[in-house]
> 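Take a look at the following structure, please.
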2 protein chains.
Amino acid sequence: MLNQIHQGDCLEVLATLPEDCVDLVYLDPPFFTQQTQTLRSKALQVYAFEDSWDSMPAYLAFLKERVCAVQRVMKPHATLFLHCDRHASHYIRVMLDEVFGYDRFVSEIIWTYRRWSHSTRALLPSHQTIFMYANGDDYTFNDIFLPYSETTNLDQILQKRERNPHGKTAYVHDEQGEIILNGEKKGVPLSDTWDIPYLNPKAKERTGYPTQKPLLLVERILQLASHEGTLVLDPFCGSGTTCVAAHLLQRHYIGIDQSPAAVHLTRQRLENPIRTRSAVLEQGREAYHNLPDYVVNILNTLPVKLVQRNSGIDALYDSYVEGKPIVIRVQREGESIHHAIQKLQQAGAKKHAYAMILIAQERYQPMLEGLAELPSSVIVVESLPLMIQQQLQRLEEGIPY
Amino acid sequence: MLNQIHQGDCLEVLATLPEDCVDLVYLDPPFFTQQTQTLRSKALQVYAFEDSWDSMPAYLAFLKERVCAVQRVMKPHATLFLHCDRHASHYIRVMLDEVFGYDRFVSEIIWTYRRWSHSTRALLPSHQTIFMYANGDDYTFNDIFLPYSETTNLDQILQKRERNPHGKTAYVHDEQGEIILNGEKKGVPLSDTWDIPYLNPKAKERTGYPTQKPLLLVERILQLASHEGTLVLDPFCGSGTTCVAAHLLQRHYIGIDQSPAAVHLTRQRLENPIRTRSAVLEQGREAYHNLPDYVVNILNTLPVKLVQRNSGIDALYDSYVEGKPIVIRVQREGESIHHAIQKLQQAGAKKHAYAMILIAQERYQPMLEGLAELPSSVIVVESLPLMIQQQLQRLEEGIPY
DNA sequence: ACCGTCCCTGAATCATTGG
DNA sequence: TCCAATGATTCAGGGACGG
C-alpha cells in the first residue's frame, strides 16, 4: 500500500478503502471544548478549526460514526489509539466499549506534561488521555523498556533470586557466599503514564498548526503496536505528525484531514521530515540540576526556592522585602569567598535584590580579604558545619564562651 | 459534630445523618475487578470483601444509590472525591455527571506511582483516577503551590512583562534600561497529575487491609478542599486512612464500613496513627522514619550519622575526640530550648559524649533562661534560618556589622 | 446575560552575548 | 571558533472587566 494524504471528511475517504488493510490507527479528533482553535503567530498561514457541536450527543454521534468506519478497515490484529482530553474522555470510552467491546480495552494511557499556568479554582489541567483498544484477541504489542529510575537499587536487581520450598523468594549465593548475577536486565517495562514534555511554544518542530502533538508521543505509539512496513492510519491528521512519525520509523501511512491547509502542511512536512532536538527530551529533567548536592542540602533547610539556571544565585527567599527579592548563594568547594561575593553581587544587583546572602563554608575574615567595605546589603553567614567546627575547636582549646 | 466510626452499609448509616452537614467526601468504593480481594494481615486476620457484581449495570446501580445518599448530606460548598480504577472509571464519571451535573465536574486527578510487576501484552498499569465534583458553584478550594520546574529560568520570571499592541508579550524596562520587578512568586499551582509513591509494602503504615491508600494522597485531598475543623466523610473507610488523615489535619470525620474487621482496624489505627514519609526519598533508610523533615534536612548538611530511637540524640558526629562521641540534637518546633538541652544532656551523659551540640531554632539567650552555668561541653549553635533572620532584621533596622 | 479585550502565567525552547 | 550563560519568546488557558 502506498503512502497517501487525502483531503476530505474521513467518513467518505474511509469508505473508499478496502476492509482489513490497516495495522494501527491513531485518532486525534477535535476536542469537545466548544471553542475555535486558532494559531496565527508563527506562520503567515492562519490555521483554524471549530470544536463546536450543538451537544455532547451530537459530538459523540459524529465520532462514533467515524470510529465505526475506521474499525471496518482495521486488520484483526490491529489496535486503535484515541486521543482525548478531559471534556469528553469518559463518554468517548463508553462509545469505544460499544464499538469494540468492553473486553477489547487494552490500556488507558495518560500523557502528562508541565504547562504554563493560570489561576483558577481547580487543579491545573496537565494531562490528556489516550485509549488503546484492540480489534481482536491477538493484537500486535511490542514490549518497550525504559531505563531504571535513579532511585532503583541496580546492584540488587542484578542479583539472582530463587524461590525456596516455602514459596519465599530470596537472593541466592554460591558456595563462597558470593552473590550470583542474573544476567542482563532490560529495564523497566513501559507504564501507562507517559511524562513527555508538551510541544514547546518555541520549538522548531512547531508548524503553526494548533493542537500539534510531539513527535515522540506518536513515535512511541507506533513502536508499541506496529512493525516496520505496516500501515498506519490517521483520520484527523492535522499537521501530519503521525505521517512524519510513520515515515521516520519506516511505516506506511494514510493521513486524512478535512482542511486543505492541513493537507498541504502535511505534504510539505513530509518532503523534509525533521525531528527536532529537545534538550529536556534527550537528557531528561535531571540534566537541569545544576546545583551540587551539598548546596541543595543546605538550601533545603531554608524557606527558599531553588534557582537552577543562574550562575550567581542559588536560591530566592520565599518572602520579599519592600517589593524586592532576597537572593542566596552558597560558597562552592574550592571557591574563594571573594569570588563568591563578587558573583552574588553581580547577579543580585541585576535583579534589584533587597539583600544578598552568602552562606560561607570557611571562616569569613573581611579585614584579611580586604573586603571591609562591602555594601551593607551583602550578608555573609557561616554554614552550620563551620560554626560547629569553630565551637569544637574552642572547646578543645579550653576557651570559655 | 463528633468523630464517628460506623459499622454497616453506608446507605443505611447515611440515612441517619442530617442534610447538609458534610464539607468533604472521599469515596473509595470496591473496584469492579470481578475478583475477591484478600490480603493476609500481620495479625493473621484475613480481611476480605467481594468485588463481584453480576454486571456493570448492577455495580453502577449499587454505587449510584450510595452517591445520591452522599449528596444529600453534602453542604452546598462541599466537594466529592471518588477514587476509581481503570475498569469502571468512565462509567462512574458518566454516573457522576448524572448525579451532580456535567458542569459540577472540577478535575480528573491522576494518581501515578511506580510498580514492579510486569503485565503481559499491555502497558504496565500505574495510575488510578480520582474524580473531583463540586456540590455547588461556590466550593471550597485552597490553592496549593509546588516548586518550579528545573528547566525554568526562575530569576527571569521575577521580571515584569507587558503585551505590546501586536499582542506579543515582552519584558519591560524603565528609562535606565533596568528591569522592573513583578512581585512575589508563590510557585506552580498544583496540577491534576499527582506522582505519589505507592504504599511501600514494608511501611509501618501498612495495616494489611487490601487497597489501602497512602496517607499522603488523602492528606493532599483534605488540604485542597477543606479547612480545619470541618467534617470529612468516608463511606467506604476500609482501613481508615481518611479518618487518620482527618485526625492529623485537625478535621472531624465520619467513617463507615460494612466490615466489622475494618471498623475495628480503623479504631485501632486512630489510637496510634503512624505516618510514614515518602518512601522513594529514603528507600530502606528506616532511621528517617522517626525524624521530622526539617530535622533530617538540617542533619543532611552535617558530617553525621543519624541515630534511631533515642529521644535525646538525633545524630552522632562522624569523628570522635579523645575516643568519645559528639552527639547532636535539633530543637523541635514548639520545644523550649531549656527542654531540648535537658534531654540532650541526659542522653549525652549516658554515652559519655565529649561534646553535645544543640542546633537551636530560636534565639538562645542563656542569661534570660537562667542557663548561664551550662557545662562547657554543651554547645548551642543557632540554625541557619535563624541566623539569616537576625541578619535581615539588622539590615532593616540599619544597624551596621 | 453575553460578548470581545486584556491581563497574568511558567515551561522550554530559540537567540544572542560574552569569554 | 565554539561553548556556556542568560535574555527573549509564545502558548488546544482562564479570569476580570467594561460595554
Side-chain angles (χ1 to χ4, degrees), chain A residues 28-43 47-52 83-88 111-129 195-214 236 238-239 241 276-285 287-288 290 305 307-313 343 346-347 350-351, chain B residues 143 145-173 177 179 182-192:
Chain A
D28 184 18
F31 294 167
F32 185 68
T33 57
Q34 304 293 63
Q35 294 162 7
T36 302
Q37 306 292 343
T38 51
L39 195 63
R40 53 174 65 249
S41 45
K42 200 158 186 171
Y47 300 100
F49 60 83
E50 297 230 340
D51 277 7
S52 322
H83 195 129
C84 38
D85 83 337
R86 65 188 184 287
H87 296 96
W111 170 35
T112 58
Y113 44 84
R114 285 160 175 266
R115 223 194 52 181
W116 59 90
S117 67
H118 61 95
S119 51
T120 179
R121 292 164 47 71
L123 295 159
L124 184 63
S126 48
H127 76 271
Q128 288 172 23
T129 308
D195 188 350
I196 295 177
Y198 198 85
L199 191 58
N200 193 269
K202 288 291 290 181
K204 277 194 187 131
E205 192 178 316
R206 268 198 187 264
T207 59
Y209 194 84
T211 80
Q212 189 182 342
K213 299 297 177 295
F236 296 90
S239 60
T241 304
T276 58
R277 313 184 71 80
S278 149
V280 76
L281 275 188
E282 287 179 359
Q283 302 156 37
R285 291 206 174 83
Y288 285 80
N290 288 323
K305 294 183 172 54
V307 174
Q308 298 283 0
R309 295 183 53 187
N310 184 308
S311 64
I313 301 171
K343 290 218 75 171
Q346 262 176 20
K350 257 189 214 165
K351 301 298 169 195
Chain B
D143 290 321
F145 296 92
L146 293 185
Y148 292 91
S149 163
E150 304 87 333
T151 55
T152 299
N153 241 353
L154 189 48
D155 60 325
Q156 196 178 11
I157 63 177
L158 300 177
Q159 299 172 223
K160 191 177 172 121
R161 288 185 293 185
E162 266 176 13
R163 202 175 280 251
N164 70 16
H166 307 298
K168 309 249 182 199
T169 41
Y171 290 106
V172 289
H173 300 266
I179 62 160
N182 196 21
E184 240 168 279
K185 291 284 171 176
K186 288 172 285 191
V188 180
L190 185 62
S191 89
D192 60 4

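No experiment lies behind these values; they were computed from the predicted model shown. Chain naming here is simple, since letters A, B, ... match the order of the sequence lines and numbering starts at 1 in each. Side chains are part of it too, since the values below use all heavy atoms of this structure and drop only hydrogens, waters and symmetry mates.
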> Mind listing the closest non-hydrogen atom pair of B/Val188 and B/Pro147 along with its distance?
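Shortest heavy-atom separation between B/Val188 and B/Pro147 comes out as CG2-O, 3.7 Å.
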> When the distance from CD of A/Gln308 to C1' of C/dG10 is rounded to whole Å, what number comes out?
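A/Gln308 atom CD is separated from C/dG10 atom C1' by 15 Å.
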> Less than 3.5 Å between a donor and an acceptor, one on the side chain of B/Arg161 and one on the base of C/dG10, is that the case here?
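Checked by distance alone, the answer is yes.
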> How many angstroms lie between NZ in A/Lys305 and CG in B/Leu154, if you round to the nearest 0.5 Å?
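Reported to 0.5 Å precision, the distance equals 8.0 Å.
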> If you only use heavy atoms from C-beta on, which nucleotide in D/dA12, C/dT13, D/dT9 is closest to the side chain of A/Asn200?
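Closest nucleotide among those given: C/dT13.
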> Should A/Arg206 be listed as having a side-chain N or O under 4.0 Å from OP1 or OP2 of D/dT9?
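No.
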> Would you confirm whether A/Lys213, through its side chain, and A/Thr211, through its main-chain N or O, come within 3.5 Å as a donor-acceptor pair?
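Side chain of A/Lys213 to backbone of A/Thr211: a pair is present.
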> Counting only N and O atoms by type, is there a donor-acceptor contact under 3.5 Å from the side chain of A/Asn290 to the main-chain atoms of A/Gln308?
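Indeed, once roles are kept as given, a pair shorter than 3.5 Å links the two residues.
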> Let me confirm one number: the CG-CD1 distance from B/Leu158 to A/Ile313, rounded to the nearest 0.5 Å.
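If we round to the nearest 0.5 Å, B/Leu158:CG and A/Ile313:CD1 are 8.0 Å apart.
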> Pull out every protein N or O sitting under 3.5 Å from an N or O of nucleotides 1-6 of chain C, one pair per line with the distance.
none

> Are the ring of A/Phe31 and the six-membered base ring of D/dA12 within the stacking cut-offs of under 5.5 Å and under 30°?
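Here A/Phe31 meets both the 5.5 Å and the 30° conditions.
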> Taking atom P of C/dT13 as reference, at what distance in whole Å does atom CD1 of B/Ile157 sit?
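Taking atom P of C/dT13 as the reference, CD1 of B/Ile157 is at 16 Å.
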> Mind checking what makes ring pair (Phe, Tyr, Trp, His ring centres under 6.0 Å) contact with A/Tyr113, not counting sequence neighbours?
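Residues passing ring pair (Phe, Tyr, Trp, His ring centres under 6.0 Å) with A/Tyr113: A/Trp111, A/Tyr198.
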> Within the distance-only criterion (no hydrogens, no angle test), does the side chain of B/Asp192 pair as donor or acceptor with the backbone N or O of A/Ser126 below 3.5 angstrom?
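Answer holds: yes.
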> Considering all heavy atoms of both residues, which atom of A/Trp116 and which atom of A/Leu124 are nearest to each other, and what is their separation?
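Answer, listing the atom of A/Trp116 first, then A/Leu124: O-CD1, 4.2 Å.
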> If only side-chain N and O atoms of A/Arg115 are considered, is one of them under 4.0 Å from the OP1 or OP2 phosphate oxygen of C/dA12?
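Result: no.
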> Would you mind telling me which of C/dA11, C/dG10, D/dG7 lies closest to the side-chain atoms of A/Trp116?
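Looking only at heavy atoms from C-beta outward on A/Trp116, the closest nucleotide is C/dG10.
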> Distances for protein N/O vs nucleotides 3-6 of chain D N/O pairs under 3.5 angstrom?
residue	atom	partner	partner atom	Å
D/dT6	OP1	A/Ser311	OG	3.0
D/dT6	OP2	A/Ser311	N	2.8
D/dT6	OP2	A/Ser311	OG	3.4

> Which is it for B/Gln159 and B/Asn182 under the side chain to side chain contact (heavy atoms under 4.5 Å, CB included) test, yes or no, and what are the steps along the way?
CA-CA 5 Å; B/Gln159 299 172 223; B/Asn182 196 21; 5.9 Å; no
> Pick base, sugar-phosphate or nothing for A/Asn290, based on heavy-atom distances below 4.0 Å to the nucleic acid.
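It contacts nothing in the nucleic acid.
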> Measure from CD on B/Glu162 to C1' on C/dC7 and round the result to the nearest Å.
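Answer to the nearest Å: 10 Å.
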> Rounded to the Å, how far apart are A/Lys305 NZ and C/dA11 C1'?
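In whole Å, C/dA11 C1' and A/Lys305 NZ are 17 Å from each other.
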> Is there a side-chain polar atom (N or O) of A/Lys213 under 4.0 Å from OP1 or OP2 of D/dA12?
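The answer is no; no side-chain N or O of A/Lys213 sits under 4.0 Å from OP1 or OP2.
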> Tell me which nucleotide among D/dT9, D/dA12, C/dA12 gets nearest to the side chain of A/Thr211.
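Comparing D/dT9, D/dA12, C/dA12 against the side chain of A/Thr211, the answer is D/dA12.
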> Requiring both pairing distances under 3.5 angstrom, list the stems that contain DNA chain D and are made of three or more consecutive Watson-Crick or G-U pairs.
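Detected stem regions: C:2-8 with D:13-19, C:10-19 with D:2-11.
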> Quick one: OG1 on B/Thr151 to CZ on A/Arg309, what's the gap to the nearest 0.5 Å?
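B/Thr151 OG1 to A/Arg309 CZ: 7.5 Å, rounded to 0.5 Å.
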> Without decimals, in angstroms, what is the distance between B/Leu158 CG and C/dT9 P?
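Distance, rounded to whole Å: 12 Å.
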> Can you tell me how far NZ of A/Lys343 sits from CG of A/Asn310, rounded to the nearest 0.5 angstrom?
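Those atoms lie 8.0 Å apart.
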> With 3.5 Å as the limit, what N/O pairs link the protein to nucleotides 16-19 of chain C?
none

> Can a salt bridge be assigned to the pair A/Arg285 and A/Asp195 using a cut-off of 4.0 Å between side-chain N and carboxylate O?
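Salt bridge between A/Arg285 and A/Asp195, a charged N being under 4.0 Å from a carboxylate O: yes.
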> Carefully, step by step, assess B/Tyr171 and B/Ile179 under the rule side chain to side chain contact (heavy atoms under 4.5 Å, CB included).
CA-CA 8 Å; B/Tyr171 290 106; B/Ile179 62 160; over 6 Å; no
> What is the distance, to the nearest angstrom, from the OH atom on A/Tyr113 to the C1' atom on C/dA11?
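Spelled out: OH on A/Tyr113 to C1' on C/dA11 is 13 Å.
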> Of the listed nucleotides (D/dG7, C/dT13, D/dA12), which one gets closest to any side-chain atom of B/Gln156?
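Among D/dG7, C/dT13, D/dA12, the one nearest the side chain of B/Gln156 is D/dG7.
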> Is there a donor-acceptor pair under 3.5 Å between the side chain of A/Gln212 and the backbone N or O of A/Ser239?
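Pair absent, no side-chain N/O of A/Gln212 close to backbone of A/Ser239.
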> Quantified in whole Å, what is the C1' atom distance between nucleotide C/dC14 and nucleotide D/dA12?
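C/dC14 and D/dA12 have their C1' atoms separated by 22 Å.
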> So, does B/Tyr171 get its side chain near the phosphate of C/dC8, meaning an N or O under 4.0 Å from OP1 or OP2?
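Checking B/Tyr171 against C/dC8: no side-chain N or O falls below 4.0 Å of OP1 or OP2.
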> Could you grab the distance from atom CG of A/Asp85 to atom CD of A/Gln128, nearest 0.5 Å is fine?
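Between atom CG of A/Asp85 and atom CD of A/Gln128 there are 6.0 Å.
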> Please list residues of residues 145-152 of chain B whose heavy atoms come under 4.0 Å from any atom in DNA chain C, ordered by number; otherwise none.
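Of all residues in residues 145-152 of chain B, the ones placing a heavy atom under 4.0 Å from DNA chain C are B/Tyr148, B/Ser149, B/Thr151, B/Thr152.
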> Over how many whole Å does the gap from A/Arg285 atom CZ to C/dT13 atom C1' extend?
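Going from CZ in A/Arg285 over to C1' in C/dT13 covers 13 Å.
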> Measure the distance from NZ on B/Lys160 to P on C/dC8 and round it to the nearest whole Å.
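Rounding to the nearest Å, NZ of B/Lys160 and P of C/dC8 are 6 Å apart.
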